[in-house]
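Before any comments, here is the structure.
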Amino acid sequence: MSESTYDLLVIGGGPGGYVCAIRAAQLGLKVACVEKRDGLGGTCLNIGCIPSKALLQASEKYEEAQHQLADFGVKTGKVSLDLKTMMAHKDSTVEANVKGVEFLFKKNKIDWLKGEGRIVGVGEVSVGDKVYKAKNIVIATGSTHTDLPGITVDEQQVVSSTGALELPKVPKQLVVIGGGVIGLELGSVWQRLGAEVTVVEFLDRLVPTSDGELSKAFLRILKKQGMKFKLKTKVTGAKVAKSGVTLTVEPAAGGAAEEIKADVVLVSIGRRAYTDNLGLDKVGVEVSERGLVKTDAQFRTNVAGIYAIGDVITGPMLAHKAEEEGVALAEQLAGKVGHVNYETVPSIVYTWPELASVGRTEEELKAAGLAYKIGKFNFSANGRARAMLATEGFVKILADANSDRILGAHIIGPEAGNLLHEVVVAMEFGGSAEDLARSFHGHPTLNEVVKEAALAVDKRAIHA
Ligand code: FAD
Ligand code: NAD
């Protein structure tokens with residue numbers, strides 16, 4: 001047994017953990033990060049955000065080449081799919097990002113302790129046969145997919161998102177269980193590449209946390225693209241054979257069962273906090289009924305010197321949320337004030353069109369009994385969107401009826417994820433719809449739709 005002492009030892013090298021480690025090192029702390037994967041970057045860089053976006057981007061190009069370029073007057077020959085090259089693009093994108101984090105660790109003199117970390121005592125973490133001492137320990141062990149009882153993920157025919165990122169060929173029939181973010185993003189990838197996609201969703205709507213009006217529009221648009229949906233439906237069984245998977249589904253409220261067949265089934269019904277083999281019970285760190293590590297607003301667990309951030313604690317399971325928590329915690333540990341504003345966490349579904357939101361939905365405002373005004377504007381009335389042949393969707397801004405302060409913004413349309421950020425910044429500054437409406441917006445840009453929606457809050461959109 002050998003020993004080393006750190007100011008901070010982070011367990012998990014995902015966006016929460018690696019960002020926390022870098023910020024702490026910038027502030028002069030002696031830092032190590034334990035990561036058991038072969039590369040740093042966690043779920044996000046290795047099997048999440050980055051590979052999924054590489055495939056979304058690539059499959060969008062394929063779709064465009066097949067169905068849209070001709071409308072711009074660009075003639076192509078017969079378009080065909082080279083899945084191997086597409087996957088190689090995804091893999092090299094992942095590798096470049098993962099190596100980038102390794103470089104940042106070296107640059108900031110952070111020790112990467114390779115292997116599985118286990119908390120063996122307060123201020124003590126074992127990795128392999130070594131025990132490291134640290135003044136502070138941060139649990140940033142992230143999340144993993146949730147299993148559906150009775151349906152075993154084999155990552156071949158029944159896959160989680162990880163398997164869905166590396167299917168060796170395009171399935172004829174893909175059934176997606178769960179109409180949330182993963183299901184719709186990866187369902188879109190394989191549909192664009194030629195699969196027939198059916199989404200089975202337990203609730204009566206897609207992306208349940210989104211604004212109801214946008215969720216409805218999203219369903220309509222995805223149906224038009226050919227995606228099939230079985231809403232208010234539950235999967236009650238699965239038979240896996242070489243020839244394919246047979247799922248038994250029933251109406252959620254009860255009723256006659258039916259069977260649907262698939263070559264591949266994607267199970268995407270949410271993710272669970274990952275704390276397996278971490279030794280939490282040994283040191284007495286409390287977890288919730290759902291397995292999330294319990295923390296206070298300063299990310300402290302109930303055990304002194306042990307903190308937690310990212311997917312493993314409460315809140316949206318998003319990379320940028322984990323990152324901001326990592327920064328705030330590192331700053332606190334270095335004696336500064338670190339803070340995360342949970343009112344402005346953006347949430348984006350990177351399908352076509354994209355769905356992007358920040359702040360409260362209309363349903364949430366109603367439930368809270370807050371008086372609000374709505375401003376909406378369609379992409380179809382925007383010159384740049386017309387030039388892009390991307391006129392589907394709208395921007396919806398919700399502002400306080402009395403103060404005009406922006407309470408939420410919801411966008412479905414081209415580049416919605418990029419467009420959302422001017423509202424995120426405005427909200428961070430406590431901005432009003434009037435502030436957005438009076439700010440310059442370059443012409444011709446898609447951002448003008450955001451400006452017009454802000455003007456529409458006060459019923460004075462110019463181009464409506
Ligand atoms: P993670 O990224 O899960 O990292 C935790 C790390 O800890 C892992 O690398 C794991 O190997 C390591 N670890 C666990 N236990 C131990 C241990 N005992 N010892 C050593 N190492 C350990 N979010 C977005 O914001 N945008 C997106 O576009 C997006 N797309 C996604 C697509 C998919 C398919 C998936 C699955 C997720 C996506 N997410 C996205 C969510 C995002 O990946 C997570 O919110 C984010 O990675 C959480 O960061 P984290 O640091 O908390 O945990
Ligand atoms: P999710 O929570 O987004 O969606 C899960 C869906 O499955 C929900 O609509 C839910 O109603 C449904 N569901 C649950 N149980 C079901 C059942 N038994 N049968 C049918 N439907 C069922 O979860 P996800 O899509 O698995 O994604 C997990 C997490 O990863 C999310 O929290 C998300 O934040 C994160 N993620 C984010 C991005 C992004 O930011 N673009 C992309 C991928 C994943």
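Since this is a predicted model, take the numbers as computed values, not measurements. First listed ligand is number 1; within each ligand, the first listed atom is number 1.
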Item checked: Numbering as shown, the atoms of ligand 2 that approach Val200 to under 4.0 Å (heavy-atom distance) ->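 Contacts of ligand 2 toward Val200, numbered from 1: 20 (C), 21 (N).
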Next item on the list: Using a strict cut-off of 4.0 Å, indicate which atoms of ligand 2 neighbour a heavy atom of Met317.
Entry: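 Ligand 2 atoms under the 4.0 Å threshold to Met317: 32 (O), 33 (C), 34 (O), 35 (C).
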Starting at [atom1] of [X], measure out to [atom2] of [Y] and round the result to the nearest 0.5 Å.
X	Y	atom1	atom2	answer
Ile137	Ile119	CD1	CD1	5.0 Å
Thr295	Arg300	OG1	CZ	10.0 Å
Cys33	Asn108	SG	CG	12.0 Å

Under 4.0 Å, counting heavy atoms only: does [X] come that close to any atom of ligand 1?
X	answer
Ser160	no
Arg271	yes
Arg118	no

Checklist line | Polar side chain donor-acceptor pair, Ser160 to Glu155, under 3.5 angstrom | finding: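 Looking only at side-chain atoms, Glu155 and Ser160 do form a donor-acceptor pair, the distance falling under 3.5 Å.
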Check: Side-chain donor-acceptor pair under 3.5 Å between Glu428 and Asn341, yes or no?
Finding: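 Short answer, yes.
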Check: If we only count N/O pairs under 3.5 Å, is Ala319 in contact with ligand 1?
Finding: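 Between Ala319 and ligand 1, an N or O pair is found under 3.5 Å apart.
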Checklist line | Leu318, any N or O under 3.5 Å of ligand 1 N or O | finding: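 Yes; at least one N/O pair falls below 3.5 Å.
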Checklist line | Proximal ligand 1 atoms for Gly310, defined as those under 4.0 Å from one of its heavy atoms | finding: 52 (O)
Item checked: Numbering as shown, the atoms of ligand 1 that approach Tyr350 to under 4.0 Å (heavy-atom distance) ->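 The list of qualifying atoms is 28 (O).
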Of the listed options ([options]), which comes nearest to [atom] when hydrogens are ignored and any heavy atom counts?
atom	options	value
atom 53 (O) of ligand 1	Gly142, Ser126, Gly17	Gly142
atom 7 (O) of ligand 2	Gly178, Pro149, Ser52	Gly178
atom 42 (C) of ligand 1	Gly48, Cys49, Gly16	Cys49
atom 52 (O) of ligand 1	Val19, Asp38, Ile313, Asp311	Asp311
atom 40 (O) of ligand 2	Val349, Leu318, Thr351, Thr236	Leu318
atom 17 (C) of ligand 2	Ile269, Val267, Val249	Ile269

Would you please determine whether [X] falls within less than 4.0 Å of ligand 2 on a heavy-atom basis?
X	answer
Lys234	no
Leu203	yes
Pro316	no

Notebook entry, point to check: Where's the contact between Leu278 and ligand 1, heavy-atom distance under 4.0 Å: side chain, backbone, both or neither?
Noted result: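 The answer is the side chain.
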Next item on the list: Quick one: closest heavy-atom pair of Val235 and Ile151, and the distance?
Entry: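 For Val235 and Ile151, the tightest heavy-atom pair comes out as CG1-CD1, 3.5 Å.
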Notebook entry, point to check: So, Asp204 side chain and Lys232 main chain: donor-acceptor pair closer than 3.5 Å or not?
Noted result: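 Here the side-chain-to-backbone pair does not exist.
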Checklist line | Closest protein heavy atom (residue, atom, distance) for atom 2 (O) of ligand 1 | finding: Thr43 N, 2.9 Å
Checklist line | Leu193 vs Met86 side-chain heavy atoms within contact, under 4.5 Å | finding: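 Result yes, sub-4.5 Å side-chain heavy-atom pair found.
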